[in-house]
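Have a look at the structure below before the remarks.
A, B, ... follow the sequence lines: proteins, then strands. Residue 1 opens every chain.
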There are 2 protein chains.
Amino acid sequence: MAHKRDREATRARLLECARLRFARDGYDGTSVRDVAGDVGVDPALVFRYFGSKSGLFTQAMAGSSAPVVLPDGPVEELPAKLLHQLVFEDWSEYAGEHPLVAMLRSAGHEDTKDRLRQQICEGYLDVLSQLAEGNEDKNLRTELFGAWLLGIGILRTAVGTPTLSKATEEDLRPHLAAVAEALFGRPVPVPKNG
Amino acid sequence: MAHKRDREATRARLLECARLRFARDGYDGTSVRDVAGDVGVDPALVFRYFGSKSGLFTQAMAGSSAPVVLPDGPVEELPAKLLHQLVFEDWSEYAGEHPLVAMLRSAGHEDTKDRLRQQICEGYLDVLSQLAEGNEDKNLRTELFGAWLLGIGILRTAVGTPTLSKATEEDLRPHLAAVAEALFGRPVPVPKNG
DNA sequence: CTCCTAAGTCATCGATCGGTGACTTAGACC
DNA sequence: GGTCTAAGTCACCGATCGATGACTTAGGAG
């Protein structure tokens, strides 16, 4: 037998497969039977553990989405770090897209929208806002820069724009520096090697 | 009776209601019965006119999405015009979102992705690329600016970020100029009043 | 070995979906 | 008014979905 009867292990495997399915196919495109089938378990078990499909979605995406870079280094390196994390990290576990980009597919459900906003605000904008310190409209500048990073991720993975899809991190680096300086009003050195 | 028997008129009303539904609820969240119900017609009529739900979607989104600003004025005013059109135009007909932002909800279907890419490239990036003329990596700069505009639209409507949601066109104007100049390497005057 | 609890399964329900084909009816034309 | 065509309707199919409750079985404790 492949697996012993271990509630927590089965729960964890369900969450992992659910995460992948929801990211790749969206909320509506994923059925409870799909997820249970991936794990090799009866669909009814999902409802025993998570109450509903919605509960499965909430818990799957909640445990997934906090890979936020820690503001450990100098603040000037934050844009490059966030760009790398949001766009160039290996998100193969989530079907090649950053979870936040993937979650846009499942928007429309109001709780998904709320979760998205919360994760973007607390996970990214709060960190980025250090860069805007000292400017009069700090929050707006921060969100505008966040919008840029998110837009880059979307054009690359969800839309598949020709040039940006093939661009490397090196290609984006000089423009990242230029835009960051334009928005934050101070030079933002970009490290040469990630 | 509210309406006479007019094939073309009924067809047009179906397309209009389908556009709204698909934009607001996404492809999966919209049923043929919903659209037919809005028009006050039998669902079977949809299949008689459009063959399938997919055909309805294609024709509804195709007829909708070409409100591309004409490059009639000076090229320097293009960023402001596109920002206005993409973000601040009245898209109440599409549930308050630009159709392209709304179409992201229905991504996952490969033809939707293709249509998105085509419309963004031909409708927006081609126009914007005039601004990048003379730069070495013209296409990349153009797509990066397009990514920014798209990201702003998404953060405003789909995510609902606090500051950007309430920002006016006037608030964004100076930052638009700064980023455009940073990306395109030349001053981009922003008109004072839209 | 026995028993008992919890992990997991089975059968099934009710609703909804996209889609099809036979049918009905409105309305222009003679 | 009668008739013929096309616009629109009706009844229904097969599949799939989320969800429920009764059931079975694995496996440690005694």
Side-chain angles (χ1 to χ4, degrees), chain A residues 1-62 105-112, chain B residues 1-62 105-112:
Chain A
M1 176 178 311
H3 298 93
K4 301 165 55 167
R5 288 197 162 186
D6 184 334
R7 179 185 176 98
E8 286 313 309
T10 305
R11 240 186 81 102
R13 286 196 300 149
L14 280 172
L15 285 176
E16 187 183 334
C17 291
R19 220 173 351 179
L20 179 61
R21 287 271 187 183
F22 283 133
R24 189 179 53 202
D25 305 323
Y27 184 85
D28 291 318
T30 300
S31 76
V32 173
R33 286 169 170 84
D34 287 335
V35 178
D38 291 341
V39 180
V41 110
D42 193 275
L45 204 62
V46 171
F47 297 96
R48 284 183 65 87
Y49 285 171
F50 305 101
S52 66
K53 179 185 180 181
S54 185
L56 173 68
F57 178 76
T58 298
Q59 298 195 38
M61 298 312 260
R105 284 199 215 292
S106 303
H109 296 64
E110 197 58 33
D111 55 343
T112 299
Chain B
M1 178 177 306
H3 299 91
K4 299 162 58 167
R5 288 197 163 186
D6 183 335
R7 180 185 175 97
E8 285 313 309
T10 305
R11 239 186 82 100
R13 287 195 299 150
L14 280 172
L15 285 176
E16 187 183 333
C17 291
R19 223 175 348 180
L20 179 61
R21 286 272 186 183
F22 283 133
R24 190 179 51 202
D25 305 323
Y27 184 84
D28 292 318
T30 300
S31 76
V32 173
R33 286 169 170 84
D34 287 335
V35 178
D38 291 342
V39 180
V41 111
D42 193 275
L45 205 61
V46 171
F47 297 96
R48 282 182 65 88
Y49 284 171
F50 306 102
S52 65
K53 178 185 180 180
S54 186
L56 174 66
F57 178 76
T58 298
Q59 297 195 38
M61 298 313 258
R105 285 199 214 292
S106 304
H109 295 66
E110 196 58 33
D111 55 343
T112 299

- [ ] Ignoring backbone atoms, test whether Thr10(A) places a side-chain nitrogen or oxygen under 4.0 Å from the OP1 or OP2 oxygen of dA7(C).
- [x] no

Task: ring pair (Phe, Tyr, Trp, His ring centres under 6.0 Å) involving Phe50(B) - partner list, sequence neighbours excluded - done: none

Task: Qualifying residues under side chain to side chain donor-acceptor pair (under 3.5 Å), relative to Asp38(A), sequence neighbours excluded - done: Arg21(A)

Task: Partners passing salt bridge (Lys or Arg N to Asp or Glu O under 4.0 Å) against Asp42(B) (at least two apart in sequence or in another chain) - done: none

- [ ] Write out all pairs satisfying side chain to side chain donor-acceptor pair (under 3.5 Å) with one or both partners inside residues 43-53 of chain B, taking only residues at least two apart or from two chains.
- [x] none

Open item on the list: Among dT9(D), dG19(C), dG8(C), which nucleotide has an atom closest to any side-chain atom of Val41(B)?
Closed with: dT9(D)

TODO: Considering non-hydrogen atoms only, spot the tightest contact between Arg24(B) and Arg105(B) and give its length.
DONE: O-NE, 3.8 Å

- [ ] Identify, with sequence neighbours excluded, every residue that meets salt bridge (Lys or Arg N to Asp or Glu O under 4.0 Å) alongside Asp28(B).
- [x] none

Task: side chain to side chain contact (heavy atoms under 4.5 Å, CB included) against Ala18(B), all qualifying residues, sequence neighbours excluded - done: Phe22(B), Val35(B), Leu56(B), Ala60(B)

Protein N or O to nucleotides 20-25 of chain D N or O, pairs below 3.5 Å:
from	atom 1	to	atom 2	distance (Å)
dT25(D)	O2	Arg5(A)	NH1	3.2

- [ ] May I ask you to verify if any side-chain N or O of Tyr49(B) is less than 4.0 angstrom from the OP1 or OP2 atom of dG8(D)?
- [x] yes

Open item on the list: Tell me every residue that passes side chain to side chain contact (heavy atoms under 4.5 Å, CB included) with Ser31(B), counting only those two or more places apart in sequence or in another chain.
Closed with: Arg33(B), Asp34(B)

- [ ] Please list, by residue number, the residues of residues 28-36 of chain B whose heavy atoms come closer than 4.0 Å to an atom of DNA chain C; answer none if no residue qualifies.
- [x] Thr30(B), Ser31(B), Val32(B), Arg33(B)

